[in-house]
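Report on the following structure.
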Amino acid sequence: MTQKISQYFQQENILKSLLMILIGAFCIYPLLTLLFKVSWIDGGLSGQYFEKVFKSSSTQSAFFNTIIVSFGTALLSCIFALPISWLLKRTDLPYVKFSKTICCLPYAVPPYIGAIAWISLANPTNGFLNELLFGTGFFNIYSHLGLIFVMSCFFYTLVLLNLLNAFDRLDPSLEEAARISGAAPRKVFMQITLPLILPSLTSGFLLVFLASMASFGVPALIGTPGDIFLITTKIYTLQKMGSFSGIYQAGALSVSLLLFSIMIVYGNLWIQQNLSYKTISGKSPRPSLVPLKKLKWPIFIGLYLCLFILFGLPILSILVTALSEVPGKVDINLMGFANFKKVFFEMSETSRALTNSSILAVSAAFIGCILGFMIAFISTKTQMKGRKFLTTAANLPFTTPGTVVALAFILAFSQSFFGLPFSLYNTSILLIIVYVVKYLSLAINVNADGLEQIDNSLAEAARVSGANWFTTLRTIWFPLLRNSIFASWFLILMPCFSELTMTILLAGPGTETVGTLLFQLQEYSDASGGGSAVLSLVVVGFVISLNFLIKKMSNGAYGL
Amino acid sequence: MSEIRIKNLNKYYGQLQVVNNFNITVKDGEFLALLGPSGCGKTTSLRMIAGLEEPSSGLIQIDNDTVYDSSENINTPPEKRSVGMVFQSYAVWPHMNVYDNVAYPLKIRNLNKDEIETAVSKVLHTVELEGLEKRMPNQLSGGQQQRVALARGLVMEPKVLCLDEPLSNLDAKLRAKMRKDIREIQQKFGITVVYVTHDQIEAFEMSDRMVIMNQGLVEQVGSPEEVRESPKTEFVAEFIDG
Ligand SMILES: Nc1ncnc2c1ncn2[C@@H]1O[C@H](COP(=O)(O)OP(=O)(O)OP(=O)(O)O)[C@@H](O)[C@H]1O
Ligand SMILES: [Mg+2]
């Protein structure tokens, strides 16, 4: 009997130790290597690379640009999201469910698609919108404002999701009590609703700030041509210089970006813990919706007009570009599927990229959902030592900008690793690992949510019936949690399929992915030639159908 | 004269009729209890009086003002009805202290500072919350929060006070005390009260008259004695028995 007990412990402990080694080696070790390599030179602590970087006027302006753009994006995102969330949650706006899905949808689409679309709409030489204004070049997307606008079109969904959640948790009687006290709807909003959701709004603001600071695709496509570098694009250029000093300066920049993000993450945590109110009540009735009355349909139409400008127009523009057989000409007679034919049947890169992306994303999703399940299990259902380490360490790369993670991986794995005789650098395996590392946290959270809803007694019954620890995991927890595991699989698959930020730094020659191919087509070969437009459509179609699949499979628990 | 007159009031949610032809006149200064099992439509009826829910059809008059009339297309919004309300969840605003919570209805009405102070301290005295003015809601017990909600409902001296199961989150002892307190306050202020409960003790002990509802229909209206001595339907007999 005693022997059996120790056997149970052994199974758990072996698994836990294995996970800790994996997490340590791939989530923590690269970031530590990065820190170490840029600050420890010739056997001593040195600020040499930092000094070099911070003295250069081009990095100074990159810092400045990053702050301006991130701040602007965060602000504009809040301005978009606040009225929409209120309309969706507190008024009798028609077709709310549908509208909510539409409003949240950009969350699933990679922002660089938006950049590609807006370049075709508003580049100063031949953007469609400028053509409409007789080629005045009135709209210039290659500007700070352009960057802020395009990023806001996507990142406002971060604020929106935060706010929708906050409204759900806000006991509607708090607002009704103010109505009863004599306040008109506008006053209720200003004096009750707004102060109570302010912590969520702030948190959304910080999330967008973080996401903008970390974003690479949009600044690379829109900022760089306009000579506006952000820290991420600066890191990319420095790394691509290929020189030793370039990489190390990129490293120093990465460390600064990392510290900055960590500060924001903790600032956000502090706000949530200290400034937010407990506004949920036990039994709260449905909210009495503010009647929009005569304004109902005008507001509805206005909302959809805005949504059309935010993403209907870009999608339309991509579609037109993809169909135009003569680049830059909008003429129904010159439309056809030539670009599709070229992309799918003439360019050998396309099929390579699609195959690579599928294999990489599927493998990463598979590994990620299994690891995520196991870590979530250990952290929610056991009292093992070190479970906090597992979740915290796995969360670190998720909040770290992708560019920084990739650079850390370059520095950590470009030479032999732990004295092993082979290097992972330039292999697809490294890409899979970095995808898993980056998105593991998503899988852990989804599975932990699922696990928390299952009562321990179900597993205890299995143990009492004679199943050992691992058998219980396999025969009880795993099947019960099937939906969460599936959901986490998709949640990793989706961003990995179109990943650009890390892939562009880590993919070896010949390993094109959808993201890098799109980037190259847009950057170098035929920006207006329709190739990138065709691929963009593929990506948009893919993520959106995947989203609806997740939603259907999880009965609306996940997906938009 | 704060009389509430309700005629042929109906409420549908889609196909489901949750209030069926509700008729009653609540007299000035009367304490009316709405009693019935869970889901019978008590909260819905109360919220229609307060203006938080739009009826499907019917007529509601408060103090001879028509606040809702489906035939005339009248629907006064809640902030113009001068109805006080105490929510089951209390709905004490967590970002305001006790004083600001209670003073809110008066500030909205742009009263001057002295008037507000006098009125607030008077009502806080009535509900026995003096000295807690500066406390934030998260520093209050459930019973104290409940009193803040009550004080906020009373401070603007509404024509009508609506209460939705205000005592259901309190323990038995406090509940007994609050039953007496609320009744006393009501008589002192002489206001008309509509009090929703599923607890017979509350209804019998506090009310002048009670309405017993079942599945949206009014089963009986009468004083506690009438209801106890001659239940009109089988449902009422069983409900007050059980
Ligand atoms: N927004 C809504 N949509 C559809 N049905 C609703 C809605 N709100 C309430 N109902 C239904 O109306 C009926 C009456 O609800 P109401 O809240 O008035 O009951 P109640 O008597 O207050 O019950 P309880 O004692 O549980 O509070 C219930 O059957 C409820 O399910
Ligand atoms: Mg109720």
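Residue numbers start from 1 in every chain, and the chains themselves are labelled A, B, ... in the order their sequence lines are given, proteins ahead of strands. Below, each value reflects all heavy atoms present in this structure, side chains not excepted, and no hydrogens, waters or symmetry copies. Keep in mind that what you see is a predicted model, and the values were worked out from it rather than measured.
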* Check each atom of A/P291 against the heavy atoms of chain B and say whether the ones under 4.5 Å are side chain, backbone, both or neither. =>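 For A/P291, no heavy atom lies under 4.5 Å from chain B.
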* Do B/R147 and B/D181 sit within salt-bridge range, that is, some charged N less than 4.0 Å from a carboxylate O? ->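 Salt bridge between B/R147 and B/D181, a charged N being under 4.0 Å from a carboxylate O: yes.
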* SB check B/R179 B/E202 (cutoff 4.0 Å) ->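 The answer is no: the pair does not qualify as a salt bridge.
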* To do: Just say parallel, tilted or perpendicular for the rings of A/F260 and A/F209, cut-offs at 30° and 60°.
  =>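 Aromatic pair A/F260/A/F209 classed perpendicular.
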* For the residue pair A/W297 and A/F300, does the interplanar ring angle fall in the parallel (under 30°), tilted (30 to 60°) or perpendicular (over 60°) class? ->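 Aromatic pair A/W297/A/F300 classed perpendicular.
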Quick one: what part of [X] sits under 4.5 Å from any heavy atom of chain A, side chain, backbone, both or neither?
X      : value
B/R109 : side chain
B/M156 : side chain
B/V86  : neither

* Asked: Ignoring hydrogens and geometry, is there a side-chain-to-backbone donor-acceptor pair from B/E115 to B/N112 under 3.5 Å?
  ->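 Yes: the side chain of B/E115 pairs with the backbone of B/N112.
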* To do: Select, from B/K80, B/R81, B/R152, the one with the greatest count of heavy-atom pairs under 4.5 Å involving chain A.
  =>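 Top option by heavy-atom pairs under 4.5 Å: B/R152.
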